[in-house]
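Read through the structure below, which is laid out as structure tokens, and then see the notes.
A quick note: this is a predicted structure, and the numbers were derived from the prediction, not measured. Numbers here simply count residues along the sequence, with the first being 1.
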Amino acid sequence: MSLSIRNQIPGTVTAVTVGEVMATVKVRLDGGQDLTAAITLEAVKDLGLAEGSAVRAMIKSTEVALATGPVTGLSIRNRLPGTVSDVAVGGAMATVKVTVDGGELTSAITKDAVADLGLTAGSPVVALIKSTEVSLATA
């Protein structure tokens, strides 16, 4: 199956914490970073997720925010440090490719944000991803 979601990063489930309807699933990405996904309990059961399960974390590029330094005081669980590898600017939007340990993320942000942050190839950034925006697929 092919998907339009650009960000598909392999990893392994390290913990599943279940609630009545939702669950948080902690994933150790192949590059060593930890990622949290908040998904339905039904999805956990349907996918058969448990500690040790191989998964792919999938994130739409529009759900990857970028910061140019450490960020505090946010509820966003997922903060992956990386380096900008490419910036493509269009009329209103831009695509920023970020190399992280073990993979690459694509972020779709406004061209104004690129200018305000001074993003160019080689810029250090932190990719910010809400746990509710991380989908999981079994590998």
Does the pair L3 and Q8 meet the rule for a side-chain contact (heavy atoms from CB on, under 4.5 Å), with working shown?
-> CA-CA 9 Å; L3 297 172; Q8 299 183 30; 3.8 Å; yes

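- Both V13 and L41 are part of a single hydrophobic cluster, where members link through side-chain heavy atoms under 4.5 Å apart.
- Rounding to the nearest 0.5 angstrom, the gap separating the CZ atom in R6 from the CE atom in M58 is 15.5 Å.
- Contact record, D30 with G11: OD1-CA, 3.7 Å, taken as the closest heavy-atom pair.
- Here the straight-line distance linking atom CD1 of I5 with atom OG of S135 works out to 5.5 Å at 0.5 Å rounding.
- Residues satisfying the salt bridge (Lys or Arg N to Asp or Glu O under 4.0 Å) test with R79, not counting sequence neighbours, are none.
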Without placing hydrogens or testing angles, list every side-chain donor-acceptor pair under 3.5 Å for residues 99-109, not counting sequence neighbours.
| unit_1 | atom_1 | unit_2 | atom_2 | d |
| --- | --- | --- | --- | --- |
| E104 | OE2 | S85 | OG | 3.2 |
| S107 | OG | V64 | O | 2.5 |

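- Judged as a side-chain contact (heavy atoms from CB on, under 4.5 Å), and not counting sequence neighbours, A115 has no contacts.
- Residues satisfying the side-chain hydrogen bond (donor to acceptor under 3.5 Å, both in side chains) criterion with E51, sequence neighbours excluded, are absent altogether.
- Among residues two or more places apart in sequence or in another chain, the side-chain hydrogen bond (donor to acceptor under 3.5 Å, both in side chains) test is passed with D112 by none.
- Residues meeting the side-chain hydrogen bond (donor to acceptor under 3.5 Å, both in side chains) test with K26, sequence neighbours left out: T36.
- Proximity of D46 to T40: side-chain heavy atoms (C-beta onward) are nowhere separated by under 4.5 Å.
- Applying the salt bridge (Lys or Arg N to Asp or Glu O under 4.0 Å) rule to D116 yields no partners; only residues at least two apart in sequence or on another chain are considered.
- Every residue was checked against the side-chain contact (heavy atoms from CB on, under 4.5 Å) condition with P124, not counting sequence neighbours, and none meets it.
- Here the CG atom belonging to L47 is positioned 6.0 Å from the CD1 atom belonging to I39, to the nearest 0.5 angstrom.
- One distance of note links CD of E133 with NZ of K60; it measures 8.0 Å at 0.5 Å rounding.
- Taking hydrophobic clusters as Ile, Leu, Val, Met, Phe, Trp and Tyr residues chained together by side-chain heavy-atom distances below 4.5 Å, V87 shares a cluster with L66.
- Note on V96: it does not cluster hydrophobically with M93, by side-chain heavy-atom contacts below 4.5 Å among ILVMFWY residues.
- Every residue was checked against the side-chain hydrogen bond (donor to acceptor under 3.5 Å, both in side chains) condition with T14, not counting sequence neighbours, and none meets it.
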Side-chain atoms of residues 15-25: list all donor-acceptor pairs with protein atoms under 3.5 Å, sequence neighbours left out, distances to 0.1 Å.
none

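- Taking a 6.0 Å sphere around CD of E42, one finds it holds 12 or fewer heavy atoms contributed by other residues, nucleotides or ligands.
- The minimum heavy-atom distance between V125 and V98, with the atom names listed, is CG2-CG1, 3.7 Å.
- Shown here are the side-chain contact (heavy atoms from CB on, under 4.5 Å) partners of A94, two or more places apart in sequence or in another chain: V89, V114.
- Looking at residues two or more places apart in sequence or on another chain, you find a side-chain contact (heavy atoms from CB on, under 4.5 Å) between L29 and I9, V27, Q33, L35, A57, L80.
- Counting heavy atoms from C-beta on, the side chains of S61 and N7 come closer than 4.5 Å.
- Between P10 and R56, the closest heavy-atom pair is CD-NH1, 3.7 Å.
- Listed here is the closest heavy atom pair of G118 and S123: O-OG, 3.7 Å.
- Under the 4.5 Å side-chain heavy-atom criterion for Ile, Leu, Val, Met, Phe, Trp and Tyr, L128 and V84 are members of distinct hydrophobic clusters.
- Both I76 and V126 are members of a single hydrophobic cluster when ILVMFWY side chains are connected at heavy-atom separations under 4.5 Å.
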